[in-house]
Amino acid sequence: MGRWADISFEARMATVEFRVSERAHIVVDSDVCRSCTTKVCVHACPADLFAPTADGGILFNYEQCFECGTCYMVCNSEGAISWTYPDGGHGVVFRHG
Amino acid sequence: MTDEQQAPDPPVFDAVVVGAGPAGASAALALARAGRSVVMVERGPFPGAKNVYGGVVYGRVLDEVIPHWWEQVPVQRWVVRRSTMILTDTQAVTLDVRSQAWGAQPYNGMTVFRADFDSWLAQHAIDAGARLLTSTVATGLLRDGSGRICGVRTDRPGGDLRARVVIACDGVNSFLAKEAGLLPRADATHMTLGAKEVLALPAGVIEERFGLGPHEGLDIEAVGGTAGVPGGGFLYTNRDSVSVGVVVSLNGLAASGRRPEDLIASFKAHPGIASYLKGAEVKEYSAHLIPEGGYSTMPELATDGLLVAGDAAAMTLAAGIWLEGVNFAIGAGLEAGRAAATAIGTGDVSAAGLSGYRRALEASFVLRDHKRLRLAPDLVLSDRMQQQYTKVLCDIAEDLFTVTNPQPKPGLVRIMRRVLRRHRVRWRDLARDGLDTARTFR
């Protein structure tokens with residue numbers, strides 16, 4: 001939570017409808033991430049889905065993904081993040097986008 | 001002829017349109033009106049479910065295809081006030097334009113929810129005879145024995161869709177355009193991230209707070225106010241909510257170490273914005289990438305059996321004072337649909353047969369505006385514009401209206417000299433950037 005935050009991150013994400021798929025549409029190769037010094041995905045992801053682990057890898061969630069593509073666009077290690085769309089009908093549903 | 005004999009399945013549709021956003025729905029509408037069979041493949045449960053925009057839909061592009069569209073469009077508010085703000089941490093300079101003409105026929109801009117607007121536009125395509133397949137992802141391109149694109153694979157069981165032409169309107173991440181080799185795998189340099197909150201506020205409060213009538217709306221676009229990350233903020237009014245957010249350079253965000261929602265909070269806390277939002281609670285949080293690179297980053301628009309339109313073809317116009325996307329997607333989608341219908345009619349759906357698409361766009365506002373403003377995206381997000389000129393402009397304006405009696409007024413030239421020195425801007429750079437700006441926006 002940031003300095004200005006007027007609402008907890010959990011409450012913020014609770015405003016968004018997700019139809020969560022069984023299949024993870026994001027796959028992270030933590031072996032690649034361990035050699036990454038910037039781990040830009042961790043702070044750039046607007047849904048805060050990426051968390052650094054103690055051993056230098058990345059722990060990721062896919063359930064509350066906006067499907068924006070920021071993570072794989074800012075990732076500087078090819079192959080670290082495999083990103084596809086969730087299965088049809090699943091994933092985020094914006095009502096006021 | 002031999003190819004057709006070898007192919008086990010003939011095309012089921014004249015065209016398959018991937019994505020039922022503004023570009024896809026418009027392409028399908030044009031194809032259906034031309035009497036062609038067309039199916040839209042939409043990965044969301046309904047059109048617009050995956051879509052986010054940043055303020056205003058300019059509807060005049062619909063005049064030629066949906067007469068009196070304003071009588072039926074699911075509008076939130078008609079924008080009669082358009083403010084452009086230049087922000088520093090503690091200052092704001094605002095150009096506030098109001099026109100009552102924008103709130104009456106033929107109207108100018110409107111605020112909408114994309115779930116409503118995109119579904120409405122797709123329904124027009126359906127009414128014209130197009131089919132809509134929702135909750136379906138187009139997972140790849142189908143190619144015939146000679147390698148020519150002849151449809152799409154979907155994630156439905158047995159879900160191959162064969163068509164004479166594929167129109168990729170699958171958005172900013174267009175995996176189809178990437179698979180066809182038209183777009184790079186990732187292009188953070190030419191992307192911005194939009195992050196947005198929709199805040200509940202009663203209609204009466206909105207009208208009082210922003211000086212609006214019952215159906216009237218306001219759109220504020222700001223440069224700066226994003227905690228030093230290159231970009232800006234926006235605020236626009238819906239019927240009984242306001243949408244507020246930031247649009248920031250993806251590379252700038254990556255380098256800053258800041259979180260997107262922190263940047264929204266920073267913009268919301270700006271003294272020029274904060275009072276507008278008092279008591280408003282978050283109804284929905286959202287984020288989306290925007291292809292802001294403009295003309296020079298557009299892919300090839302046609303290849304054998306494939307056309308690309310809308311965000312998939314980087315058609316969002318991000319030119320400082322003008323920020324438009326939905327209208328460009330509609331304009332391009334309509335031309336893609338028409339060009340595809342013509343090519344299907346002649347039997348030549350090769351890149352050459354589909355080249356009428358680009359020619360039509362070059363004659364329309366879509367590529368004419370983009371070509372004219374091709375230098376603007378870089379200029380607007382440049383360091384000098386973002387880091388220095390916002391401060392220069394705000395300081396000049398502040399000094400101009402600061403009365404320092406008993407000293408007499410310093411005069412504009414002295415103020416400018418003083419401010420430019422304070423921010424280490426050289427006259428030479430200013431002159432050159434001024435000339436570039438004039439050339440860009442001429």
Side-chain angles (χ1 to χ4, degrees), chain A residues 1-19 21 23 25 36 38-50 64-97, chain B residues 41-46 48-53 113-115 118 133-137 139 154-156 170 172-173 175 185-188 191 193-198 238 241 243 250-251 253-266 268-269 281-289:
Chain A
M1 198 197 301
R3 176 163 75 93
W4 296 106
D6 45 357
I7 171 176
S8 76
F9 200 81
E10 290 69 30
R12 168 183 298 279
M13 294 308 291
T15 64
V16 192
E17 180 181 341
F18 294 99
R19 301 185 184 177
S21 170
R23 183 184 70 88
H25 66 282
C36 173
T38 58
K39 294 188 170 52
V40 167
C41 58
V42 172
H43 72 81
C45 170
D48 202 9
L49 298 178
F50 300 84
Q64 294 195 313
C65 176
F66 288 138
E67 301 155 35
C68 68
T70 295
C71 55
Y72 84 85
M73 289 268 184
V74 298
C75 180
N76 47 26
S77 322
E78 182 125 9
I81 299 177
S82 311
W83 198 94
T84 58
Y85 292 129
D87 297 338
H90 292 86
V92 72
V93 178
F94 292 123
R95 299 285 171 179
H96 304 102
Chain B
V41 180
E42 165 59 47
R43 67 188 187 90
F46 54 83
K50 305 290 182 181
N51 298 348
V52 182
Y53 82 127
F113 293 135
R114 294 293 296 278
D118 292 14
L133 210 53
T134 56
S135 300
T136 306
V137 180
T139 51
T154 76
D155 65 348
R156 295 265 184 126
D170 50 340
V172 60
N173 285 299
F175 290 112
R185 189 190 69 88
D187 184 17
M191 293 287 161
L193 175 68
K196 177 166 88 171
E197 292 175 1
V198 177
N238 307 306
S241 61
S243 300
L250 204 48
N251 279 343
L253 174 71
S256 73
R258 302 292 300 258
R259 293 206 41 80
E261 76 277 9
D262 276 356
L263 301 182
I264 300 180
S266 176
K268 283 168 69 181
E281 278 185 22
V282 182
K283 263 172 89 170
E284 189 176 73
Y285 173 48
S286 57
H288 212 281
L289 287 182

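All chains are named by letter (A, B, ...) in the order of the sequence lines, taking the proteins before the strands, and each is independently numbered beginning at 1.
Put simply, the side chain of B:Asp155 gets close to the backbone of A:Gly88: a donor and an acceptor are under 3.5 Å apart. Between the side chain of B:Glu284 and the backbone N or O of A:Thr15, no donor-acceptor pair lies under 3.5 Å.
Across B:Val41, B:Val198, B:Asn173, B:Val137, the residue that shares the most heavy-atom pairs under 4.5 angstrom with chain A is B:Asn173. Of all the listed residues (B:Ala49, B:Ala188, B:Ala115), the one sharing the greatest number of non-hydrogen pairs under 4.5 Å with chain A is B:Ala49.
Note on ring orientation: taking the six-membered ring where Trp is involved, the planes of B:Phe175 and A:Trp83 are tilted (angle from 30° to 60°).
For chain A, the nearby parts of B:Leu250 are the backbone and the side chain; heavy atoms of each come within less than 4.5 Å. Of the two parts of B:Thr136, only the backbone, made up of N, CA, C and O, holds a non-hydrogen atom closer than 4.5 Å to a non-hydrogen atom of chain A. Contact of B:Lys196 with chain A is made through the side chain alone, with heavy-atom distances under 4.5 Å. In this structure, chain A has a heavy atom under 4.5 Å from the side chain of B:Glu197, while its backbone stays farther away.
Minimum interatomic distance between B:Ala287 and A:Cys68 (heavy atoms only, all atoms of both residues): O-CB, 4.1 Å. In this structure, B:Ala254 and A:Val40 approach most closely via the heavy-atom pair CB-CG1, 3.3 Å.
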Practice item. List the steps, then state whether salt bridge (charged side-chain N to carboxylate O under 4.0 Å, His left out) holds for A:Glu67 with B:Lys50. Key: CA-CA 8 Å; A:Glu67 301 155 35; B:Lys50 305 290 182 181; 3.0 Å; yes

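No cation-pi contact links B:Arg185 to A:Tyr72, judged by a cut-off of 6.0 Å to the six-membered ring centre and 45° from its axis.
The closest side-chain donor-acceptor pair between A:Tyr85 and B:Asp170, if any, does not fall under 3.5 angstrom.
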